[in-house]
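Below: the structure, in structure tokens.
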Amino acid sequence: MSAESSRKISEYLLDIEAVILQPLQPFTWASGWKSPIYCDNRKTLAYPEIRDFMKLAFAAQIRDRFPEVDVIAGVATGAIAQAVLVADILELPMIYIRPEPKGHGLGNQIEGAYTPGQKVVVIEDLISTGGSSLKAIDALRTAGVELLGMFAIFSYGFKIANETFAQKNIQLHTLTDYEMMIEVAIERGIVTTDQLESLKEWRVAPSTWGK
């Protein structure tokens with residue numbers, strides 16, 4: 001992803017408050033972690049200009065990096081719509097992966113039509129610790145497809161996630177990232193340079209930050 005496109009997407013996410021930065025009034029995640037940032041990329045779907053820009057960015061990266069892809073997969077639920085948009089542009093089949101197998105019917109965890117051996121690219125909306133993404137990847141590999149890589153709108157860039165993706169031999173690419181988001185936020189005066197060190201500390205040790 002070019003720096004220009006990454007910057008544009010960070011600007012979009014801040015414009016519509018899909019990303020909110022509040023280092024002085026941190027959010028509390030379900031895990032109990034305190035966080036200076038909140039991200040809800042589902043909001044991008046309400047803005048045609050933004051979702052069009054993002055789907056074209058995803059498609060261009062996938063064409064460039066993995067032209068051999070057979071199927072686009074979305075991680076439920078946040079990335080299902082993104083995966084549909086991208087698959088439509090690329091004229092490819094689309095499937096999605098549930099967090100767990102269904103408790104009724106066929107008990108599927110992967111929904112849609114695919115065959116073992118097909119080459120799959122996975123779309124995510126957000127990478128935090130990487131737990132839900134890795135569960136989806138494990139399900140795909142168990143199903144016998146060939147995982148080429150994963151693309152996400154945004155990642156916090158936590159060390160634990162980066163290390164786990166590397167251990168699993170997964171290529172992860174994002175449309176924008178934490179560094180670009182903070183750079184744009186400082187330029188706009190959303191956060192101050194004095195708060196920069198605290199934002200860096202959170203990214204290094206999110207589980208203990210703010211306690």
Side-chain angles (χ1 to χ4, degrees), residues 1-23 25-30 35-66 69 71-99 111-112 121-130 132-133 136 149-158 161 172-191 199 202-203:
M1 173 61 65
S2 70
E4 181 181 357
S5 292
S6 177
R7 173 176 292 274
K8 185 68 173 176
I9 290 170
S10 283
E11 290 172 348
Y12 276 144
L13 296 177
L14 290 169
D15 285 343
I16 64 173
E17 296 187 337
V19 169
I20 301 173
L21 283 154
Q22 293 182 177
Q25 296 178 293
F27 302 94
T28 301
W29 287 0
S35 171
I37 183 171
Y38 178 78
C39 182
D40 181 6
N41 288 326
R42 291 166 295 191
K43 293 182 76 171
T44 62
L45 298 169
Y47 300 86
E49 177 187 350
I50 297 174
R51 72 172 185 242
D52 284 351
F53 189 92
M54 288 173 37
K55 73 183 182 184
L56 291 170
F58 271 133
Q61 281 209 60
I62 292 169
R63 284 194 192 103
D64 181 57
R65 297 179 185 276
F66 304 113
V69 60
V71 179
I72 300 297
V75 179
T77 58
I80 291 177
Q82 299 292 346
V84 170
L85 293 168
V86 174
D88 190 54
I89 291 178
L90 297 176
E91 299 183 326
L92 290 172
M94 179 268 178
I95 60 176
Y96 71 88
I97 311 102
R98 298 174 179 275
E111 299 287 3
V121 165
V122 182
I123 304 290
E124 258 286 24
D125 66 329
L126 171 68
I127 304 293
S128 53
T129 60
S132 61
S133 305
M150 174 173 280
F151 289 80
I153 297 172
F154 179 70
S155 171
Y156 296 122
F158 292 147
L172 174 64
H173 307 281
T174 60
L175 298 187
T176 194
D177 56 29
Y178 189 71
E179 287 82 1
M180 180 60 77
M181 189 68 64
I182 299 304
E183 182 178 318
V184 173
I186 288 174
E187 290 172 0
R188 292 185 169 195
I190 296 170
V191 296
L199 291 166
W202 173 77
R203 220 266 295 271

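Please read all numbers here as calculations on a predicted model, not as lab measurements.
Side-chain contact between T44 and Q82 is present, with heavy atoms from C-beta onward closer than 4.5 Å. Side-chain contact between I37 and I182 is absent, with no heavy atoms from C-beta onward closer than 4.5 Å. Put simply, the side chain of E124 reaches to within 4.5 Å of the side chain of S132, judged on heavy atoms. Looking at V19 and C39, their side chains come closer than 4.5 Å, going by heavy atoms from C-beta outward. Within the 4.5 Å cutoff, the side chain of T176 has no heavy atoms near those of the K8 side chain.
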Working for side-chain contact (heavy atoms from CB on, under 4.5 Å), residues I190 and M181
CA-CA 11 Å; I190 296 170; M181 189 68 64; over 6 Å; no
I'd like to know whether I127 forms a side-chain contact (heavy atoms from CB on, under 4.5 Å) with S133, so could you lay out the CA-CA distance, the side-chain angles of the two residues, the decisive distance to 0.1 Å, and finally the verdict.
CA-CA 7 Å; I127 304 293; S133 305; 3.3 Å; yes
Could you give me the CA-CA distance, side-chain angles and deciding distance for Y96 and V84, then say whether side-chain contact (heavy atoms from CB on, under 4.5 Å) is met?
CA-CA 9 Å; Y96 71 88; V84 170; over 6 Å; no
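Distance CZ/F151 to CG/L172: 9.0 Å, rounded to 0.5 Å. A distance of 5.5 Å separates CD1 in I123 from CD1 in I72, rounded to the nearest 0.5 Å. Residue T129 holds its OG1 atom at 8.0 Å from CH2 of W29, rounded to the nearest 0.5 Å. The line from OG of S10 to CG of D177 is 7.0 Å long, rounded to the nearest 0.5 Å.
In this view, T174 satisfies the side-chain hydrogen bond (donor to acceptor under 3.5 Å, both in side chains) rule with no residue, not counting sequence neighbours. Applying the ring-ring contact (aromatic ring centres under 6.0 Å, His included) test to Y178 and every residue at least two apart in sequence or in another chain returns W202. In terms of the side-chain contact (heavy atoms from CB on, under 4.5 Å) criterion, residue partners of R7 (sequence neighbours excluded) are, by chain and number, E11, M180, E183, V184, E187. Qualifying side-chain hydrogen bond (donor to acceptor under 3.5 Å, both in side chains) partners for S5, counting only residues two or more places apart in sequence or in other chains: S2. Listed by chain and residue number, D40 satisfy the side-chain hydrogen bond (donor to acceptor under 3.5 Å, both in side chains) test with R42 (two or more places apart in sequence, or in another chain). By the side-chain hydrogen bond (donor to acceptor under 3.5 Å, both in side chains) test, T77 pairs with no residue at all, sequence neighbours left out. Applying the salt bridge (Lys or Arg N to Asp or Glu O under 4.0 Å) test to R188 and every residue at least two apart in sequence or in another chain returns D15. Scanning for ring-ring contact (aromatic ring centres under 6.0 Å, His included) contacts around Y38 gives F27, with sequence neighbours left out.
The list of salt bridge (charged side-chain N to carboxylate O under 4.0 Å, His left out) pairs with a residue in residues 87-97, not counting sequence neighbours, is empty. Residue pairs satisfying the salt bridge (charged side-chain N to carboxylate O under 4.0 Å, His left out) criterion with at least one member in residues 75-84, sequence neighbours excluded, are absent.
Nearest approach of A161 to G130, heavy atoms of both residues: CB-N, 4.3 Å. In this structure, A87 and P93 approach most closely via the heavy-atom pair CB-O, 4.1 Å. Here the closest heavy-atom approach between residue A185 and residue L21 is recorded as CB-CD1, 3.4 Å. Among all heavy-atom pairs drawn from P23 and P36, the shortest one is CA-CB, 3.7 Å.
Each of I80, V71, V86, L85 was evaluated against M94; a single residue qualifies, I80, per the side chain to side chain contact (heavy atoms under 4.5 Å, CB included) test.
Of the possible polar contacts, none joining the D125 side chain to the N41 backbone as a donor-acceptor pair under 3.5 Å is found. Side chain of Q22 to backbone of Q25: a donor-acceptor contact under 3.5 angstrom is found. Remark: side-chain polar atoms of R98 are not paired, donor with acceptor, to backbone N or O of A76 under 3.5 angstrom.
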Considering only distance and modelled atom types, tabulate donor-acceptor pairs under 3.5 Å from the side chains of residues 48-61, sequence neighbours left out.
unit_1: E49; atom_1: OE2; unit_2: Y12; atom_2: OH; d: 2.8
unit_1: R51; atom_1: NH1; unit_2: L45; atom_2: O; d: 2.7
unit_1: D52; atom_1: OD1; unit_2: K55; atom_2: NZ; d: 3.2
unit_1: Q61; atom_1: OE1; unit_2: R65; atom_2: NE; d: 3.3

